[in-house]
Q: 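Okay, handing you the structure first.
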2 protein chains.
Amino acid sequence: MSDWEPPIANIAVDLVVLTVRQDALHLLVIERGIEPYRGALALPGGFVQEDEDLPDAARRELMEETRIPGAPLHLEQLRTYAEPGRDPRGRVISVAYLALAPNLPTPTGDTDAARAFWMPVSRLTGATGRPLAFDHANIVRDGIERARSKLEYTTLATTFCPERFTITELRRVYEVVWGARLDARNFQRKVLSTEGFVVPTGEIRRGEAGRPARLYTRGLATNLFPPIAR
Amino acid sequence: MSDWEPPIANIAVDLVVLTVRQDALHLLVIERGIEPYRGALALPGGFVQEDEDLPDAARRELMEETRIPGAPLHLEQLRTYAEPGRDPRGRVISVAYLALAPNLPTPTGDTDAARAFWMPVSRLTGATGRPLAFDHANIVRDGIERARSKLEYTTLATTFCPERFTITELRRVYEVVWGARLDARNFQRKVLSTEGFVVPTGEIRRGEAGRPARLYTRGLATNLFPPIAR
DNA sequence: TTAATAGTGTCTATGAGACAGTATGCC
DNA sequence: GGCATACTGTCTCATAGACACTATTAA
């Protein structure tokens with residue numbers, strides 16, 4: 001390691017916040033109110049403050065820009081994006097975080113800098129979608145891919161669910177995130193035979209059409225072995 | 001994203017370079033020749049230069065500090081470490097990279113700043129090991145864990161092997177990295193039945209005791225499905 | 001001939017995937 | 001009763017894991 005030199009870059013955090021609502025995978029985006037990319041869609045995020053740790057900065061930016069009560073259930077570091085030229089203002093190194101949350105209310109964050117809302121990812125990846133600012137499209141792609149693969153071998157799917165959920169709701173999470181159909185019977189067997197994936201509450205959800213469903217909570221297990229095939 | 005502010009931190013890259021030699025997993029370390037942590041062991045790395053991309057910085061530092069001819073076969077971003085206080089000189093954000101290499105010659109890098117050499121990881125993790133500078137012990141732990149899990153579901157083990165290798169050599173890589181015995185017969189069957197993992201060269205290695213072994217090269221496959229259980 | 005390593009074959013238990021039927025609510 | 005959804009059960013095929021034998025060299 002060479003001698004001490006003056007800092008060359010700003011440090012930012014950007015968040016890929018995913019949720020499942022209305023049977024579709026949604027991403028939390030902001031509409032930028034300032035230059036550069038004014039009016040474009042972007043990920044929530046911002047510069048890290050002095051003596052501020054990165055997860056703290058991520059949570060702070062999320063609160064400031066979205067005003068969503070209650071932190072997301074899962075927050076993990078995704079990757080760092082540092083290509084020179086990725087920000088027209090100068091060199092910015094962005095540490096991206098991936099957050100998974102249950103179906104939260106529509107954010108009310110509406111500062112002068114940004115307006116936040118949920119956007120179906122299908123309207124971002126397709127050709128008809130609005131482009132994202134900076135290199136955020138790459139970050140989103142990486143975040144979604146991380147989420148998809150983590151559903152295979154971890155119990156993270158439950159973080160998309162409310163406190164109490166049915167097996168069918170859990171399966172819908174998989175189907176929506178993966179964009180594929182799963183056999184309800186095999187899925188049921190797999191989930192219930194995996195120790196610590198879900199815990200029965202004894203409660204029953206009634207009121208909807210069809211046979212009432214048992215309600216479960218998240219179990220203590222974090223890893224799935226064997227994994228669930230995509 | 002808020003308004004532009006002055007940079008608050010330096011950007012560094014640090015490398016976890018792993019190899020298998022003498023039937024043991026080895027880490028490339030440097031002995032620091034300058035303060036702080038002068039005389040302590042540390043990971044190769046250094047500050048990122050203006051307009052320099054991170055992978056380029058990683059390769060440059062590796063060359064400068066180790067003078068090992070030929071780049072490592074695999075280089076991937078590991079994680080970013082940014083906790084305030086991790087460097088006594090001031091705030092430094094370090095983007096760690098994981099590199100896997102075949103059994104390379106002992107590095108000749110011996111600048112005034114650092115002296116580089118291979119160290120068995122068993123002498124770093126145990127209680128008898130020399131401590132590493134900064135938070136590099138955490139980085140090494142994360143790097144080794146990444147390597148271990150990637151052997152399960154990717155063909156990365158071949159990057160620890162020379163250009164031509166035997167199935168037994170490949171199995172040794174798994175055994176050394178995982179610290180566990182594998183059944184030679186089941187391993188053979190698994191590797192050869194996975195399309196594109198290894199490609200037979202038709203050559204035979206003779207001269208050693210026992211029946212001569214067939215030589216293989218890396219195949220085109222990158223992922224293993226189903227994975228190899230640890 | 002013996003030692004040492006390379007490679008092949010067989011059996012079994014487990015689990016994924018495909019599929020049919022039963023249970024229990026609301027209308 | 002009819003419909004919709006929840007849940008249980010069965011069969012088959014693939015494969016991981018355990019284990020024994022044969023093949024081919026050097027000393």
Side-chain angles (χ1 to χ4, degrees), chain A residues 23 149 151-153 155 157 161-162 164-176 178 180-217 221 223-230, chain B residues 23 149 151-153 155 157 161-162 164-176 178 180-217 221 223-230:
Chain A
D23 272 347
S149 59
L151 288 205
E152 296 185 51
Y153 59 93
T155 60
C161 295
R164 292 171 214 285
F165 55 89
T166 67
I167 301 288
T168 298
E169 287 176 323
L170 184 62
R171 178 167 48 85
R172 285 253 177 285
V173 167
Y174 276 89
E175 293 180 331
V176 163
W178 284 351
R181 286 263 160 181
L182 295 183
D183 184 283
R185 301 160 290 188
N186 293 336
F187 184 81
Q188 195 109 193
R189 169 161 50 87
K190 175 72 181 177
V191 169
L192 294 179
S193 68
T194 302
E195 190 74 25
F197 194 174
V198 298
V199 178
T201 64
E203 295 171 289
I204 298 234
R205 167 169 305 169
R206 7 178 45 102
E208 310 193 16
R211 174 176 172 176
R214 291 199 252 263
L215 288 171
Y216 297 84
T217 349
N223 285 354
L224 294 183
F225 193 82
I228 302 182
R230 214 192 293 196
Chain B
D23 271 347
S149 59
L151 288 204
E152 295 184 51
Y153 59 93
T155 59
C161 294
R164 294 172 213 283
F165 54 88
T166 67
I167 302 288
T168 298
E169 286 176 325
L170 184 61
R171 176 166 50 83
R172 286 253 178 285
V173 168
Y174 276 90
E175 293 181 330
V176 162
W178 285 350
R181 286 264 159 179
L182 294 183
D183 185 283
R185 300 159 291 190
N186 292 335
F187 183 82
Q188 194 109 197
R189 170 161 49 87
K190 176 72 181 177
V191 169
L192 294 179
S193 70
T194 301
E195 190 75 25
F197 194 174
V198 297
V199 179
T201 64
E203 294 171 290
I204 300 245
R205 167 169 305 169
R206 5 178 47 102
E208 309 192 17
R211 173 174 171 176
R214 291 198 253 261
L215 287 171
Y216 296 84
T217 355
N223 286 354
L224 295 182
F225 193 82
I228 302 183
R230 212 191 295 198

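Below, chain A is the first sequence line, B the second, and so on; all start at residue 1. All heavy atoms count here, side chains included; hydrogens, waters and symmetry mates do not. It should be emphasised that the depicted structure is a prediction, and the values quoted were computed from it without experimental measurement.
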Q: Of A:F225 and A:T166, whose nearest nucleotide on DNA chain D comes first from the 5' end?
A: A:T166
Q: Between B:Y216 and A:P226, name the one whose nearest nucleotide on DNA chain C is closer to the 5' end.
A: B:Y216
Q: Name all pairs fulfilling the side chain to side chain donor-acceptor pair (under 3.5 Å) condition that reach into residues 198-209 of chain A, sequence neighbours left out, sorted by first residue then second.
A: A:R164-A:E203, A:E169-A:R205, A:T201-A:E203
Q: Among residues at least two apart in sequence or on other chains, which ones pass side-chain contact (heavy atoms from CB on, under 4.5 Å) with A:N186?
A: A:D183, A:R189
Q: Heavy atoms from C-beta onward define the side chain here; which of D:dA18, D:dC7, C:dG17 lies closest to that of B:N186?
A: D:dA18
Q: In whole angstrom, give the distance that lies between atom CG of B:L224 and atom P of D:dA16.
A: 11 Å
Q: If the sugar-phosphate is the primed atoms plus P, OP1 and OP2 and the base is the rest, what is the B/S/- string for nucleotides 20-27 of chain C, using protein heavy atoms under 4.0 Å?
A: B--BBB--
Q: Pick one: which of A:L224, A:N223, A:T194 meets side-chain contact (heavy atoms from CB on, under 4.5 Å) with A:T155?
A: A:L224
Q: Can you tell which of D:dG17, C:dG17, D:dT8 lies closest to the side chain of A:L192?
A: D:dT8
Q: For A:P227, enumerate each residue passing the side-chain contact (heavy atoms from CB on, under 4.5 Å) test, keeping only those at least two apart in sequence or located in another chain.
A: A:Y153, A:F225
Q: How would you list, by chain and number, every residue that makes a side-chain hydrogen bond (donor to acceptor under 3.5 Å, both in side chains) with A:R171, sequence neighbours excluded?
A: A:E175
Q: Under the rule for side-chain contact (heavy atoms from CB on, under 4.5 Å), what residues qualify as partners of B:V191, not counting sequence neighbours?
A: B:I167, B:L170, B:F187, B:F197, B:V198
Q: Among D:dA6, D:dC19, C:dA16, which is the nearest nucleotide to the side chain of B:D183?
A: D:dC19
